[in-house]
Amino acid sequence: MDGTDEMDLAHVLGGLAIDMQNQIDTEATLASIVEGAVAIVPGTRWAGISLIEGRNVEARAPSSPRVTRLDTLQSEVDEGPCLSALREHRTVVINDMATETRWPNFCSAAFELGARSLLSFQLFVTHKNLGALNLYGDDAGAFTDESVFTGELLAQHASVALFGVAAEDQFHDALSTRDLIGQAKGILMERYDVDAFAAFDLLRRLSQQSNHKLVDLARKVVQTRKGS
(Lines give C-alpha, C1' and ligand atoms only; values in the text may rest on other atoms or scores of the structure.)
Protein backbone atom coordinates (compact mmCIF):
# COMPACT_ATOMS: atom_id res chain seq x y z
CA MET A 1 0.00 0.00 0.00
CA ASP A 2 1.62 3.26 -1.11
CA GLY A 3 1.31 6.71 0.48
CA THR A 4 -1.65 7.74 -1.67
CA ASP A 5 -3.54 4.55 -0.84
CA GLU A 6 -2.86 5.08 2.87
CA MET A 7 -4.20 8.64 2.67
CA ASP A 8 -7.31 7.44 0.85
CA LEU A 9 -7.86 4.69 3.43
CA ALA A 10 -7.40 7.13 6.30
CA HIS A 11 -9.96 9.44 4.71
CA VAL A 12 -12.49 6.63 4.21
CA LEU A 13 -11.99 5.25 7.72
CA GLY A 14 -12.27 8.72 9.20
CA GLY A 15 -15.62 9.26 7.51
CA LEU A 16 -16.81 5.81 8.55
CA ALA A 17 -15.73 6.43 12.16
CA ILE A 18 -17.80 9.62 12.25
CA ASP A 19 -20.78 7.78 10.75
CA MET A 20 -20.52 4.97 13.33
CA GLN A 21 -20.29 7.37 16.24
CA ASN A 22 -23.27 9.41 15.01
CA GLN A 23 -25.69 6.47 15.07
CA ILE A 24 -28.60 6.72 17.49
CA ASP A 25 -28.41 3.28 19.10
CA THR A 26 -26.50 0.01 19.24
CA GLU A 27 -28.35 -1.66 16.36
CA ALA A 28 -27.70 1.26 14.02
CA THR A 29 -24.03 1.29 15.04
CA LEU A 30 -23.69 -2.44 14.39
CA ALA A 31 -25.31 -2.05 10.97
CA SER A 32 -22.95 0.82 10.11
CA ILE A 33 -19.91 -1.29 11.07
CA VAL A 34 -21.02 -4.24 8.94
CA GLU A 35 -21.87 -2.07 5.94
CA GLY A 36 -18.48 -0.38 6.21
CA ALA A 37 -16.66 -3.72 6.42
CA VAL A 38 -18.31 -5.05 3.27
CA ALA A 39 -17.56 -1.80 1.46
CA ILE A 40 -13.91 -1.23 2.34
CA VAL A 41 -12.20 -4.50 3.38
CA PRO A 42 -10.87 -6.19 0.22
CA GLY A 43 -12.26 -9.68 -0.38
CA THR A 44 -15.30 -9.33 1.89
CA ARG A 45 -18.54 -10.76 0.49
CA TRP A 46 -20.51 -11.02 3.74
CA ALA A 47 -20.02 -9.71 7.27
CA GLY A 48 -21.55 -9.86 10.72
CA ILE A 49 -20.81 -9.21 14.37
CA SER A 50 -20.78 -11.67 17.25
CA LEU A 51 -21.63 -9.57 20.29
CA ILE A 52 -21.07 -10.63 23.88
CA GLU A 53 -24.35 -10.44 25.82
CA GLY A 54 -23.77 -11.54 29.42
CA ARG A 55 -22.41 -15.09 29.14
CA ASN A 56 -23.68 -15.61 25.60
CA VAL A 57 -22.35 -14.69 22.17
CA GLU A 58 -25.08 -13.48 19.82
CA ALA A 59 -24.98 -13.06 16.04
CA ARG A 60 -25.97 -9.47 15.21
CA ALA A 61 -26.35 -7.18 12.18
CA PRO A 62 -25.62 -9.81 9.50
CA SER A 63 -25.25 -8.60 5.93
CA SER A 64 -26.93 -11.84 4.80
CA PRO A 65 -29.00 -14.64 6.42
CA ARG A 66 -26.04 -16.87 5.57
CA VAL A 67 -23.95 -14.91 8.08
CA THR A 68 -26.50 -15.48 10.84
CA ARG A 69 -26.18 -19.20 10.27
CA LEU A 70 -22.39 -19.10 10.13
CA ASP A 71 -22.00 -16.99 13.28
CA THR A 72 -24.64 -18.93 15.22
CA LEU A 73 -23.07 -22.21 14.18
CA GLN A 74 -19.87 -21.39 16.06
CA SER A 75 -21.77 -21.02 19.34
CA GLU A 76 -23.72 -24.22 18.66
CA VAL A 77 -20.62 -26.38 18.09
CA ASP A 78 -18.54 -24.34 20.57
CA GLU A 79 -15.71 -23.93 18.11
CA GLY A 80 -14.72 -21.56 15.37
CA PRO A 81 -12.54 -18.60 14.46
CA CYS A 82 -14.87 -16.03 16.07
CA LEU A 83 -14.71 -17.78 19.44
CA SER A 84 -10.93 -18.07 19.13
CA ALA A 85 -10.67 -14.36 18.32
CA LEU A 86 -12.71 -13.61 21.44
CA ARG A 87 -11.02 -16.06 23.80
CA GLU A 88 -7.46 -15.65 22.59
CA HIS A 89 -7.64 -11.90 21.84
CA ARG A 90 -6.24 -12.13 18.33
CA THR A 91 -7.09 -11.81 14.66
CA VAL A 92 -7.96 -15.12 12.99
CA VAL A 93 -7.47 -15.83 9.27
CA ILE A 94 -8.82 -18.80 7.30
CA ASN A 95 -7.55 -18.91 3.74
CA ASP A 96 -9.54 -21.96 2.66
CA MET A 97 -12.35 -23.67 4.56
CA ALA A 98 -11.75 -26.83 2.49
CA THR A 99 -8.25 -27.36 3.88
CA GLU A 100 -8.47 -25.68 7.32
CA THR A 101 -7.95 -28.19 10.17
CA ARG A 102 -8.29 -26.06 13.31
CA TRP A 103 -12.10 -26.05 13.44
CA PRO A 104 -13.26 -29.06 11.40
CA ASN A 105 -16.97 -28.98 12.32
CA PHE A 106 -17.36 -25.28 11.64
CA CYS A 107 -15.25 -25.23 8.47
CA SER A 108 -17.09 -28.16 6.92
CA ALA A 109 -20.47 -26.49 7.50
CA ALA A 110 -19.17 -23.09 6.34
CA PHE A 111 -17.86 -24.63 3.12
CA GLU A 112 -21.29 -26.14 2.46
CA LEU A 113 -22.82 -22.69 2.94
CA GLY A 114 -20.52 -21.17 0.33
CA ALA A 115 -18.02 -19.42 2.62
CA ARG A 116 -14.48 -20.26 1.51
CA SER A 117 -12.39 -17.81 3.55
CA LEU A 118 -12.71 -15.75 6.72
CA LEU A 119 -11.28 -12.95 8.82
CA SER A 120 -12.32 -12.51 12.45
CA PHE A 121 -11.27 -9.48 14.50
CA GLN A 122 -11.74 -9.02 18.21
CA LEU A 123 -13.70 -5.90 19.16
CA PHE A 124 -12.38 -4.52 22.41
CA VAL A 125 -11.44 -1.47 24.40
CA THR A 126 -9.18 -1.41 27.46
CA HIS A 127 -10.20 -4.28 29.77
CA LYS A 128 -13.50 -4.72 27.89
CA ASN A 129 -14.15 -7.50 25.38
CA LEU A 130 -17.14 -6.49 23.25
CA GLY A 131 -17.33 -9.16 20.57
CA ALA A 132 -15.91 -10.00 17.16
CA LEU A 133 -16.24 -8.68 13.62
CA ASN A 134 -16.51 -11.60 11.19
CA LEU A 135 -15.81 -11.19 7.47
CA TYR A 136 -16.45 -13.95 4.92
CA GLY A 137 -15.21 -14.40 1.36
CA ASP A 138 -16.76 -16.66 -1.28
CA ASP A 139 -13.36 -17.57 -2.79
CA ALA A 140 -10.37 -19.30 -1.23
CA GLY A 141 -7.59 -16.84 -0.48
CA ALA A 142 -9.96 -13.88 -0.77
CA PHE A 143 -8.21 -11.95 2.00
CA THR A 144 -4.77 -10.38 1.62
CA ASP A 145 -2.40 -8.57 3.98
CA GLU A 146 -4.19 -5.38 2.94
CA SER A 147 -7.49 -6.94 4.03
CA VAL A 148 -6.05 -7.74 7.46
CA PHE A 149 -4.57 -4.25 7.83
CA THR A 150 -7.77 -2.50 6.80
CA GLY A 151 -9.94 -4.81 8.90
CA GLU A 152 -7.87 -4.26 12.03
CA LEU A 153 -8.12 -0.48 11.63
CA LEU A 154 -11.87 -0.77 11.10
CA ALA A 155 -12.20 -3.01 14.16
CA GLN A 156 -10.42 -0.42 16.30
CA HIS A 157 -12.79 2.34 15.19
CA ALA A 158 -15.77 0.00 15.59
CA SER A 159 -14.78 -0.91 19.15
CA VAL A 160 -14.67 2.74 20.21
CA ALA A 161 -18.04 3.43 18.57
CA LEU A 162 -19.69 0.38 20.19
CA PHE A 163 -18.30 1.23 23.63
CA GLY A 164 -19.55 4.80 23.26
CA VAL A 165 -23.08 3.88 22.22
CA ALA A 166 -23.29 1.25 24.99
CA ALA A 167 -22.30 3.86 27.58
CA GLU A 168 -24.90 6.26 26.17
CA ASP A 169 -27.58 3.55 26.26
CA GLN A 170 -26.74 2.85 29.91
CA PHE A 171 -26.96 6.55 30.71
CA HIS A 172 -30.39 6.85 29.10
CA ASP A 173 -31.55 3.67 30.86
CA ALA A 174 -30.43 5.15 34.18
CA LEU A 175 -32.34 8.37 33.48
CA SER A 176 -35.42 6.40 32.47
CA THR A 177 -35.21 4.31 35.64
CA ARG A 178 -34.84 7.40 37.82
CA ASP A 179 -37.85 9.06 36.16
CA LEU A 180 -39.97 5.92 36.52
CA ILE A 181 -39.19 5.59 40.22
CA GLY A 182 -39.90 9.29 40.65
CA GLN A 183 -43.34 8.89 39.04
CA ALA A 184 -44.12 5.90 41.26
CA LYS A 185 -43.06 7.84 44.35
CA GLY A 186 -45.34 10.72 43.39
CA ILE A 187 -48.29 8.35 42.94
CA LEU A 188 -47.69 6.72 46.34
CA MET A 189 -47.24 10.11 48.02
CA GLU A 190 -50.62 11.22 46.70
CA ARG A 191 -52.34 7.89 47.34
CA TYR A 192 -51.16 7.43 50.94
CA ASP A 193 -50.52 11.07 51.89
CA VAL A 194 -46.86 10.45 52.75
CA ASP A 195 -43.63 12.29 52.00
CA ALA A 196 -41.05 11.31 49.38
CA PHE A 197 -38.87 9.38 51.83
CA ALA A 198 -41.78 7.28 53.08
CA ALA A 199 -42.99 6.62 49.51
CA PHE A 200 -39.55 5.37 48.46
CA ASP A 201 -39.24 3.25 51.59
CA LEU A 202 -42.61 1.68 50.78
CA LEU A 203 -41.42 0.88 47.27
CA ARG A 204 -38.21 -0.61 48.65
CA ARG A 205 -40.02 -2.83 51.16
CA LEU A 206 -42.56 -4.00 48.58
CA SER A 207 -39.69 -4.82 46.24
CA GLN A 208 -37.99 -6.97 48.86
CA GLN A 209 -41.21 -8.71 49.90
CA SER A 210 -42.35 -9.48 46.36
CA ASN A 211 -38.84 -10.32 45.11
CA HIS A 212 -39.29 -7.89 42.20
CA LYS A 213 -36.73 -5.33 41.07
CA LEU A 214 -37.45 -1.83 42.32
CA VAL A 215 -37.77 -0.45 38.79
CA ASP A 216 -40.20 -3.24 37.78
CA LEU A 217 -42.37 -2.55 40.79
CA ALA A 218 -42.29 1.18 40.03
CA ARG A 219 -43.38 0.44 36.46
CA LYS A 220 -46.35 -1.55 37.78
CA VAL A 221 -47.37 1.31 40.05
CA VAL A 222 -47.25 3.78 37.17
CA GLN A 223 -49.14 1.42 34.83
CA THR A 224 -51.83 0.89 37.48
CA ARG A 225 -52.29 4.64 37.78
CA LYS A 226 -52.49 5.06 33.99
CA GLY A 227 -55.02 2.25 33.73
CA SER A 228 -57.27 3.64 36.45
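Just so you know, these numbers come straight off a predicted model, no measurement behind them.
Closest approach of Ala155 and Gln122 over heavy atoms only: CB-O, 4.2 Å. What you find for Arg102 and Val93 is that their closest heavy atoms are NH2-O, 2.8 Å. The shortest non-hydrogen separation linking Thr150 to Ile40 is CG2-O, 3.8 Å. Residue Pro62 comes nearest to Val67 through the heavy atom pair CB-CB, 3.8 Å, listed as atom of the first residue, atom of the second, then distance. The heavy-atom pair separating Val34 from Ala61 by the smallest distance is CG2-O, 3.1 Å. The heavy-atom pair separating Leu188 from Val194 by the smallest distance is O-CG2, 3.9 Å.
Judged by distance alone, with hydrogens and angles left aside, the side-chain atoms of Gln74 form no donor-acceptor pair with the main-chain N or O of Phe106 at under 3.5 Å. A donor-acceptor pair under 3.5 Å links the side-chain atoms of Glu79 to the main chain of Asn105, judged by distance alone. The closest donor-acceptor contact from the side chain of Ser63 to the backbone of Ala47 lies under 3.5 Å. Remark: the backbone N or O of Arg90 is not paired with any side-chain donor or acceptor of Glu88 at under 3.5 angstrom. Ser147 places a side-chain N or O within donor-acceptor distance of the main-chain N or O of Thr144, the cut-off being under 3.5 Å.
Leu123 and Val92 fall into different hydrophobic clusters, where Ile, Leu, Val, Met, Phe, Trp and Tyr are joined by side-chain heavy atoms under 4.5 Å apart, directly or via other members. Hydrophobic clustering, with ILVMFWY side chains joined whenever heavy atoms are under 4.5 angstrom apart, keeps Tyr136 apart from Val148. Using a 4.5 Å cut-off between side-chain heavy atoms of Ile, Leu, Val, Met, Phe, Trp and Tyr, with links allowed through other members, Leu73 and Trp46 fall into the same hydrophobic cluster.
Contact annotation: the side chain of Leu162 approaches that of Ile33 to within less than 4.5 Å [non-hydrogen atoms, C-beta and beyond]. In this structure, the side chains of Ile94 and Phe143 stay at 4.5 Å or more apart for every pair of heavy atoms. Inter-residue side-chain proximity for Ser84 and Trp103 is flagged as met; some heavy-atom pair is nearer than 4.5 Å.
Within the model, atoms CG of Leu83 and CG of Asp71 stand 9.5 Å from one another, a figure rounded to the nearest 0.5 Å. Interatomic distance, Thr26 OG1 to Leu30 CG, rounded to the nearest 0.5 Å: 6.5 Å. With values rounded to the nearest 0.5 angstrom, Glu27 atom CD is found 8.5 Å from Leu51 atom CG. Distance check, rounded to the nearest 0.5 Å: CD1 of Ile49 to CG of Leu135 gives 9.5 Å. Rounding to the nearest 0.5 Å gives a distance of 11.0 Å between CD1 of Ile187 and OH of Tyr192.
Partners of Asp195 according to the salt bridge (charged side-chain N to carboxylate O under 4.0 Å, His left out) rule, which considers only residues two or more places apart in sequence or in another chain, do not exist here. Residues forming a salt bridge (charged side-chain N to carboxylate O under 4.0 Å, His left out) with Arg191 (at least two apart in sequence, or on another chain): none.
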Can you give the donor-acceptor pairs under 3.5 Å from side chains of residues 108-120 to other protein atoms, not counting sequence neighbours?
unit_1, atom_1, unit_2, atom_2, d
Arg116, NE, Asp96, OD1, 3.3
Arg116, NH2, Asp96, OD1, 3.0
Arg116, NH2, Asp96, OD2, 3.3
Ser117, OG, Asp139, O, 2.8
Ser120, OG, Asn134, OD1, 2.7

